[in-house]
Every structure is written in C-alpha cells, then in structure tokens.
Amino acid sequence: MVLLDGGGDQGGELCVSLLGDFQLLHCGKPVRLRGRKARALLAFLASLPSRAVARERAADLLWSDRGTEQARNSLRQTIAEIRAALPDSSAIFMDRDTIGFADGEPFTDMHAIADAATCRDAPRLAQAVEQAGDTFLADLSGLSPAFDEWLLAERVRQGERLVETILDACGAMMGTARPSDIQTILRGLDRLDPWNEAVARLGMEADFASGDMAALHRRYRRLEEVLKREFGIRPAEETMVLFDRLSRTQPGEGSARAGHRPAASAKPAPASPPTVLVTAVETVTPSQEMNEIAAIITDDIRTALAKHHELRVLSLDGSDLERVERFCAGAVSTYLLSGRLRQLGGETRINLLIGRADTGVVLWSQQFPIDQGDLTTAVDKLVARAVGAAFPAIDRDLAAQASEFEDGDTVRSYIAARRLIAHGRTLDDVRRGVAKLEALVEADPRHLSSRLLLARMYNTDFWQRMAGHDVAAFRARATELANQAMAIEPASHQLQLRLAWCNLRDRNWLRAEHGFRTALEQLDYDADSLNEIGFGLCHLGHLDDAAPIMQRAFMLNPFSPSDYHADYATLLMMRGDPLAAEEHFEVSGEHGLQYLALRLANGADLPAKADRLAALCDQFRTHFLAAWQPERAPQLNDVVEWARQTLPFRQEAHAARIEQGLKAAVASAFPA
C-alpha cells in the first residue's frame with residue numbers, strides 16, 4: 001500500500017489505496033473490511049468525480065447477477081458492515097437514496113501522485129510512484145459481471161490518465177530533478193505500462209543524459225523484446241530513430257561504395273581474413289585546412305583499425321587498383337570504410353560509413369561534428385566510434401553469411417566456429433564450435449585466434465555444463481593454450497587479456513590486474529575486449545575503474561550483445577543497486593550457471609523476491625544437477641562451495657554478498 005504520509009495536503013480522515021490491493025486508513029490506522037463487496041463499494045465511490053452514487057446504481061453494479069430485492073438486501077448488509085468498521089466517522093454519508101463521501105474525502109494514492117506531479121516535486125513523486133501498486137484495484141476482480149465490466153474499462157482509463165500525468169511531470173523535471181528520482185519514476189511507469197513507447201523514449205533520454213549507455217541499450221532492448229513477444233511488432237519509427245541517434249552519440253556531445261568481390265566458385269579457394277579497405281576521407285569543400293583534417297582522420301582510422309588481430313586492413317588511394325584487387329581476391333569478405341568531410345557555414349561535419357564492397361550494403365554509418373577549436377579530442381572521438389563499430393558490424397555480417405563457411409579452409413572454419421559460439425541457439429551448437437576450434441589448433445598449431453577463443457571458452461561456465469562440477473582440467477587447458485600462444489605472438493594484447501582471465505580464475509590477483517591494465521592500454525577501441533577488461537576489474541573490486549570501461553563498450557558497439565548487460569548487472573549488484581542490476585540481468589537473457597548464481601544472489605536483496613526467484617531457482621537447480629558429478633545428491637553447502645570456487649571475487653564483502661544471497665535464494669531447492 002502507498003503510505004499516504006509523504007507530504008501534500010491529505011485533507012480529512014480517510015485515506016484509500018486504489019493502486020494494487022484496496023486498503024483503507026482511518027485517522028492513520030488500517031481498517032479491515034472483511035467483505036470484498038464493502039471494499040468494492042468504497043473503491044467505486046473513491047474513483048468517482050462526484051464521490052457519491054445512487055443506492056440503486058450501487059446495487060445493480062455489485063449484484064448484477066442477483067434479483068432486484070436480493071441486491072438491495074445485500075447492499076444494506078454491506079452498508080452495515082462499513083458503518084460498523086467506521087462507527088465514529090463523518091467522512092461517509094448514507095441517506096435513503098444516496099451513498100457517498102463527504103467533501104474532501106477520501107485522500108487516495110492517486111491524489112498523492114497527481115499532487116506531487118502538479119507541484120513538480122520529484123522526490124515526493126518518486127516515493128509515491130515507487131510505493132504504488134501496478135494494477136488499479138488488483139484484488140477486486142470477479143465480484144459481479146457489471147462490476148467486472150466497469151473495472152476493466154476503469155483500469156484502462158485510470159491507467160492512461162495516471163501514466164500521462166506522471167510522464168508529463170517527469171519530462172518537465174528532466175535536467176532539474178535528481179537522476180535517481182527520475183529513474184525511480186521511470187521504473188514505476190514501466191510497471192504501470194510496460195508497452196508504452198513514450199515512457200521508453202523518455203527513459204532513453206534520461207539514461208543518455210546521465211551518461212548511462214548500458215541502461216539506454218537495456219531499455220531499448222527490453223522494449224523491442226516485449227513488443228515482439230506480446231504484439232509481434234517492432235518499435236515505432238520515432239523510437240527507433242531516437243535510439244539510433246542516442247546510441248551513436250557520445251554522452252556530452254549535445255542532445256552515416258562499393259568495390260568488387262569475385263564470385264564464389266563451387267569450391268572456394270583458401271581464404272584470407274575479412275579485409276577492410278580504408279579510403280582517404282573525401283573533402284566536399286576542399287581547402288588546405290580541410291585536406292589536413294581529412295588526412296589526419298584517415299591515418300588515425302587506418303592505424304587504429306590495423307591493430308585488430310582478426311582483420312586485414314588496406315589503404316585504398318586509387319593509385320594501384322590491380323594491387324588492391326589481388327589483395328582482396330582471397331578475402332573471405334571485403335568491406336569499405338569511407339568518409340566525406342564538409343563545411344556548412346561555420347560548422348564542420350564528417351560522414352563515416354562501413355559497407356560491403358561487393359554489394360554496397362551499408363552496415364554502419366554515422367555523422368560527427370568536428371570542433372576545430374579542440375581538434376584532437378574531436379578526432380579521437382570519431383576514430384573511436386568508427387573503429388569500435390567496425391568489427392561488430394563485420395562480425396554480424398559474417399554471421400549472416402554462415403552457410404558459406406561451414407566447410408572450408410582455416411579462415412572459413414574459424415568464422416563458422418566463432419558464429420556457432422557467439423550466435424548458436426543450443427549447447428550442441430556451442431559444442432560444435434569448440435570442436436571446430438580444437439580441430440583448427442591441431443591442424444595449425446600457430447592459429448592464434450583459435451587458441452585465444454578456446455582459452456576464453458574453457459574459462460566460462462560453458463565447460464561447467466560440459467564437464468560437470470569439477471572444471472579444473474579445463475581451466476588448466478585454458479592456461480596451457482594461453483601459454484602456448486606466447487610462443488606464437490608474445491606481444492599480442494588479446495593474449496594479455498586471456499592470461500589475465502586465467503590468472504583471475506587461479507586467484508593470482510596482482511598478475512590478473514596487471515594483465516587487464518596492460519591490455520586496456522592497447523585495446524581502447526575494441527568494445528568486446530573493453531567489456532571483458534571492465535568485468536575483470538569488477539571481479540578484482542575496482543568498481544569505479546570498471547564502470548566507465550564497461551560504459552565505453554556500450555558506447556562503441558552499436559550492437560551490444562547480451563553478455564554486456566549481464567556483466568554490467570554484476571557491477572551494479574556489487575555497487576549495492578539490486579533493482580538496476582535485475583533490470584540488466586532480465587534484459588540480457590543469459591542463463592549460464594554463473595550468471596544464474598549471480599542473479600539469484602542479487603535477487604535476495606529485491607522486494608517481492610519470492611515471485612522473481614522461483615523460476616530462476618528451478619533453472620539453476622536443473623543446470624546444477626546436470627553438472628554435478630559425485631554419486632551423492634548435492635547439498636546446500638556444495639552449492640555455496642561451488643560459488644566460492646567458481647566466482648573469483650577478490651573483495652571478501654563481494655564474495656560474501658554472493659554466497660549469502662545465493663544460499664538464501666536456493667535454500668528450498670537443496671537439502672541443508
């Protein structure tokens with residue numbers, strides 16, 4: 001129930017909760033009405049503008065399935081029950097023909113919300129919305145056909161009116177209210193109307209204004225999923241355009257053709273990795289200054305993109321097209337990164353795009369303003385966004401071409417394996433991907449990318465489900481692969497990242513931290529690596545360092561995958577924000593053992609946790625039993641010990657939060 005003591009003019013002696021289950025206070029004390037019809041009568045009166053109704057209308061509404069005389073007798077009994085519960089109250093009047101409330105009575109939770117919204121009082125509105133229930137008179141369905149019909153229509157009417165009132169106030173207070181109050185109000189709106197795109201758009205603007213790119217992506221993804229699931233539709237054009245604009249813009253920046261690709265033969269020739277042709281940025285309004293800016297941008301993009309170990313990068317300047325054609329002839333796929341720089345009045349802008357060289361299909365594009373007063377910062381930002389978007393865009397395109405790569409040479413087999421691991425729908429898909437990688441390592445011991453990806457897989461809970469409770473052999477295999485890779489390319493920054501995770505699993509904290517920070521110095525444009533680095537630092541307890549790194553991953557990758565959300569949820573959990581953490585866990589859709597354990601532990605700190613945790617607990621128990629190897633049945637202490645060994649959090653407080661929360665969440669599923 002909304003506690004109607006949060007400020008505002010509450011008027012007389014009665015307070016009524018209409019949102020959620022109906023409840024009644026008289027002079028601040030709860031009043032228990034045994035009969036549902038008595039509660040329904042007072043709720044009906046409280047929702048009427050006149051606060052009064054004819055007895056005949058009340059009888060017809062609440063006893064529409066009874067005869068006239070029986071309905072009148074039942075109404076008299078209900079009135080007697082109300083009088084008995086409120087013997088000294090002057091807030092209700094009842095005469096021969098009418099029943100109603102006195103002037104100014106009652107004060108409702110909907111009044112509290114409306115008053116706070118009108119006054120633009122963000123803290124009071126946040127409190128009122130947070131305490132309000134989700135459904136108008138949630139406990140009063142099924143009383144009579146006529147009342148149910150009225151209630152159904154009233155829920156729609158009152159819900160739309162309430163959401164509109166809150167939405168209007170929230171929009172007006174953006175930029176002046178505390179971000180935490182705005183987020184609390186938006187969460188309430190999400191509960192009241194989860195399909196409302198106006199709420200989602202305002203939420204995305206609030207997330208962007210606070211610099212929380214992770215929340216922005218989570219909010220849009222959740223809306224996209226619920227609209228598809230419930231109605232089979234996509235978000236409106238206005239919503240998609242807003243998300244596109246905000247996700248392409250760096251927080252604080254203010255409120256995007258073709259070559260030739262040879263046709264594939266029946267049996268493709270051995271391929272080289274995906275190739276990116278970086279053309280010189282074109283100046284639409286040439287001048288010496290503009291030409292110099294264009295040259296700087298082109299060089300910086302080529303230099304940064306060339307660091308990506310799974311791409312080949314070629315400068316395309318038109319001087320030797322035969323060389324370019326030979327270079328691209330063996331590429332598994334070829335892409336073009338181009339740009340146009342122009343000056344409009346006093347403003348300089350650049351359009352950058354990445355597209356397929358064979359079809360001209362644009363995979364990513366964006367326009368950037370260039371502040372010539374701070375040229376270095378402006379160029380650094382646009383280079384980061386272009387290079388950060390390049391590999392995710394190419395990776396998605398390669399996944400869409402998956403059928404071309406199932407059987408083939410080393411490059412094609414690696415792409416097929418990566419697709420099965422990243423985009424596979426089942427555990428068997430991922431198994432096939434890992435098997436392909438093992439075959440590649442056996443056939444070509446110097447295939448660095450296969451070793452690094454295998455090392456990553458053997459350090460995840462994928463092998464928990466494959467090998468059972470004891471995964472020591474697979475952890476050791478991950479370390480072995482990483483150490484062998486040292487002999488292939490000791491300077492690889494991806495290798496530093498893999499070794500850091502191996503050291504983290506082994507609880508070599510100092511080595512792990514050194515590895516993460518070393519990798520960070522060189523992988524600043526690689527969104528996936530940044531998310532891994534941030535998540536690693538989160539395990540080490542460096543939450544303030546981890547948060548901006550993980551936010552940068554969301555900012556760089558326009559196609560942020562589900563694990564970004566689950567990883568960021570873990571950071572929010574450790575920061576003591578279980579509600580925001582659950583929102584990211586929910587939208588991630590991740591159901592691995594470790595993520596389920598973290599989500600269950602986080603859920604122990606949530607209100608109404610029983611409903612939230614029951615299904616997750618069943619999933620966790622099913623997966624855990626499938627992974628359990630000993631002949632005896634696992635007990636609760638086995639689960640806690642598994643969490644202690646599997647989730648390497650350096651800070652004792654963080655480890656204790658997980659162990660205690662998980663133990664509380666699954667206590668009913670495992671014997672003590």
Side-chain angles (χ1 to χ4, degrees), residues 1 20 126-127 130-131 133-134 180 183-184 187-188 190-191 214-215 218 222 460-461 464-465 469 535 538-541 543 546-547 550 562-628 633-672:
M1 177 183 182
Q127 181 187 31
E130 185 176 34
Q131 293 175 341
D134 300 348
S180 59
Q183 290 296 338
T184 298
R187 286 193 182 109
D190 281 337
R191 286 189 291 105
R218 181 262 305 161
R222 182 175 61 186
T460 70
D461 70 358
Q464 198 87 53
R465 296 168 65 185
H469 185 65
F535 196 39
C538 174
H539 280 73
L540 292 169
L543 304 185
M550 298 171 83
S562 59
D563 58 310
Y564 284 23
H565 290 280
D567 295 345
Y568 197 69
T570 306
L571 182 142
L572 291 169
M573 170 188 172
M574 296 309 171
R575 279 186 157 180
D577 192 349
L579 189 56
E582 170 58 21
E583 290 175 340
H584 278 280
F585 276 129
E586 182 179 27
V587 80
S588 78
E590 291 283 355
H591 295 294
L593 265 175
Q594 293 179 31
Y595 283 132
L596 279 174
L598 290 166
R599 188 175 178 185
L600 284 165
N602 180 70
D605 294 329
L606 290 172
K609 61 184 179 183
D611 292 339
R612 294 172 182 264
L613 299 184
L616 294 174
C617 187
D618 288 344
Q619 283 184 1
F620 178 82
R621 186 175 187 276
T622 299
H623 291 335
F624 195 86
L625 291 177
W628 181 252
Q635 297 184 331
L636 186 58
N637 284 340
D638 294 317
V639 176
V640 174
E641 179 61 24
W642 166 84
R644 186 177 296 121
Q645 295 300 321
T646 306
L647 302 169
F649 284 86
R650 183 181 188 179
Q651 298 294 329
E652 282 297 326
H654 295 167
R657 179 191 292 269
I658 294 168
E659 292 173 20
Q660 294 166 10
L662 181 60
K663 187 174 182 179
V666 303
S668 62
F670 295 90

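Here the CD1 atom belonging to I658 is positioned 12.0 Å from the CG atom belonging to L600, to the nearest 0.5 angstrom. To the nearest 0.5 angstrom, M550 atom CE is 5.0 Å from D567 atom CG. Here the CG atom belonging to L625 is positioned 5.5 Å from the CZ atom belonging to F670, to the nearest 0.5 angstrom. Separating the CZ atom in R218 from the CD atom in E583 is a distance of 4.0 Å, to the nearest 0.5 Å. Considering NE2 of H584 and CG of N602, their distance stands at 11.5 Å, rounded to 0.5 Å. L543 contributes atom CG, which lies 8.0 Å from atom CD of Q651 (distance to the nearest 0.5 angstrom).
Looking at residues two or more places apart in sequence or on another chain, you find a side-chain hydrogen bond (donor to acceptor under 3.5 Å, both in side chains) between Q645 and E641. Scored by the ring-ring contact (aromatic ring centres under 6.0 Å, His included) test, Y564 finds F554 as partners (sequence neighbours excluded). With sequence neighbours excluded, no residue forms a ring-ring contact (aromatic ring centres under 6.0 Å, His included) with Y595. In this structure, the side-chain hydrogen bond (donor to acceptor under 3.5 Å, both in side chains) partners of Q183, at least two apart in sequence or on a different chain, are D207, R219.
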Item to complete: Please report the C-alpha distance between Q127 and Q131 in whole Å, then the side-chain angles of each, then the deciding distance to 0.1 Å, and finally whether the side chain to side chain contact (heavy atoms under 4.5 Å, CB included) criterion is met.
Response: CA-CA 6 Å; Q127 181 187 31; Q131 293 175 341; 3.7 Å; yes
Discussion item. Would W628 and D638 count as a side chain to side chain contact (heavy atoms under 4.5 Å, CB included) here? Give the steps.
Written reply: CA-CA 10 Å; W628 181 252; D638 294 317; 3.6 Å; yes
Worksheet item: Are E130 and R187 close enough, and set up right, to give a salt bridge (Lys or Arg N to Asp or Glu O under 4.0 Å), and what steps lead you there?
Response: CA-CA 8 Å; E130 185 176 34; R187 286 193 182 109; over 6 Å; no
Practice prompt. Apply side chain to side chain contact (heavy atoms under 4.5 Å, CB included) to L662 and V640, showing your working.
Written response: CA-CA 7 Å; L662 181 60; V640 174; 6.0 Å; no
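Salt bridge absent: R599 and E586 never bring a charged side-chain N and a carboxylate O closer than 4.0 Å.
Judged purely by atom type and a 3.5 angstrom limit, R621 uses its side chain to pair as donor or acceptor with the backbone of A669. Using a distance-only test at 3.5 Å, with no hydrogens or angles considered, no donor-acceptor pair links the side chain of D618 to the main chain of A615.
Ring orientation note: the planes of H539 and F649 are close to parallel, at an angle under 30° on the 30°/60° scale.
Screening residues 659-672 for side-chain hydrogen bond (donor to acceptor under 3.5 Å, both in side chains) gives R644-E659 as the qualifying pairs, with residues at least two apart or on separate chains. For residues 568-581, the pairs satisfying salt bridge (Lys or Arg N to Asp or Glu O under 4.0 Å) are D544-R575, with sequence neighbours left out.
W642 has its ring centre less than 6.0 Å from the ring centre of F620. For F535 and Y568, the distance between ring centers is not under 6.0 angstrom.
E590 and S562 are linked by a side-chain donor-acceptor pair at a separation below 3.5 angstrom, with hydrogens and angles left out of the test.
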